[in-house]
S.K.: 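Okay, handing you the structure first.
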Amino acid sequence: MSSVDDPMVQKWMRFRNAVVPGVAVSHVPDKAGRPGDSLKGSGEAGAAVYWRLVASNNRELGRSFYLYQNADQARRHVERVAAMTGQLDVAAVVDGQTTRRGWVLNADGGPVMTCARWYTSSSTAAAAAVSALAAFRTARVLAAPVTYFSTPHRRPASAGEGAVL
């Protein structure tokens, strides 16, 4: 997306803030996966990129916790996290204002991926988290990013099972 002001990025931010409230949205992780420099708002150079874990039917299984300034930065972080598969853990979350359930994937004590949607029960959310973690462990990172547009009628074809970015 062209900036953090893009409607799709704003939608991502609203969902991410509901899943993990009280944490700054626009932090880019450093090499150790910890929050680093924050992204700039509109008018600044650089895009606002987030990655998605998708199934072969193009259903979103999870999405990045962070925004990135470019696709290479996102790709490097996904590859670092994927290399730590034995250290990944899932934490259950509950929407504070409703009874919706979700999950967050953590690495080195910090979040790296969130659920893609809310679930109506803890068991459904837990099953989705297990499936997303399994898919993430075997996912392939796409060679080039798939671009989504704010206009609703331009969607690319499926990127393949367990594809990210």
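Sequence positions, counted from 1, serve as the residue numbers for this chain. Here the structure is a predicted model, which is why all the values come from computation and not from measurement.
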S.K.: First locate atom OG1 of Thr114, then atom CZ of Phe15, and finally report the distance between them rounded to the nearest 0.5 Å.
M.R.: 5.5 Å
S.K.: Quick check against the 3.5 Å criterion: does Arg14 have a side-chain atom that pairs as donor or acceptor with the backbone of Trp12?
M.R.: no
S.K.: Supply the atom-to-atom distance Arg117 CZ to Thr120 OG1, rounded to the nearest 0.5 angstrom.
M.R.: 7.5 Å
S.K.: Which atom pair, heavy atoms only, marks the closest approach of Gln73 to Asn70?
M.R.: N-OD1, 2.7 Å
S.K.: Any chance you could lay out the side-chain hydrogen bond (donor to acceptor under 3.5 Å, both in side chains) test for His77 and Tyr68, step after step, and finish with the verdict?
M.R.: CA-CA 9 Å; His77 189 237; Tyr68 305 87; 2.7 Å; yes
S.K.: Can you measure from CG (Leu88) to CE (Met113) and round to the nearest 0.5 angstrom?
M.R.: 8.0 Å
S.K.: Phe136 vs Trp51 aromatic rings, parallel, tilted or perpendicular, using cut-offs 30° and 60°?
M.R.: parallel
S.K.: Of all the heavy-atom pairs spanning Leu61 and Ala132, show the shortest one and how long it is.
M.R.: O-CB, 3.9 Å
S.K.: Looking only at non-hydrogen atoms, find the nearest pair between Val141 and Arg75 and report the distance.
M.R.: CG1-CG, 3.7 Å
S.K.: Working to the nearest 0.5 angstrom, can you tell me the gap between Leu53 CG and Glu60 CD?
M.R.: 8.5 Å
S.K.: If we only count heavy atoms from C-beta on, is the Arg16 to Tyr50 side-chain gap below 4.5 Å?
M.R.: no
S.K.: For Val104 and Val19, work out which heavy atoms get closest and say how close.
M.R.: CG2-CG1, 3.7 Å
S.K.: Taking all atoms of both residues into account, what is the closest heavy-atom pair of Pro111 and Phe65, and its distance?
M.R.: CG-CZ, 3.2 Å
S.K.: Is the closest side-chain heavy-atom distance between Val93 and Trp118 below 4.5 Å?
M.R.: yes
S.K.: Where is the tightest heavy-atom contact between Ser122 and Arg101, given as atom of each residue plus distance?
M.R.: OG-NE, 3.0 Å
S.K.: Could you tell me whether the side chain of Arg52 reaches within less than 4.5 Å of the side chain of Asn58, counting heavy atoms only?
M.R.: yes
S.K.: Quick one: pull up OG in Ser131 and CZ in Arg59 and give me the separation to the nearest 0.5 Å.
M.R.: 7.5 Å
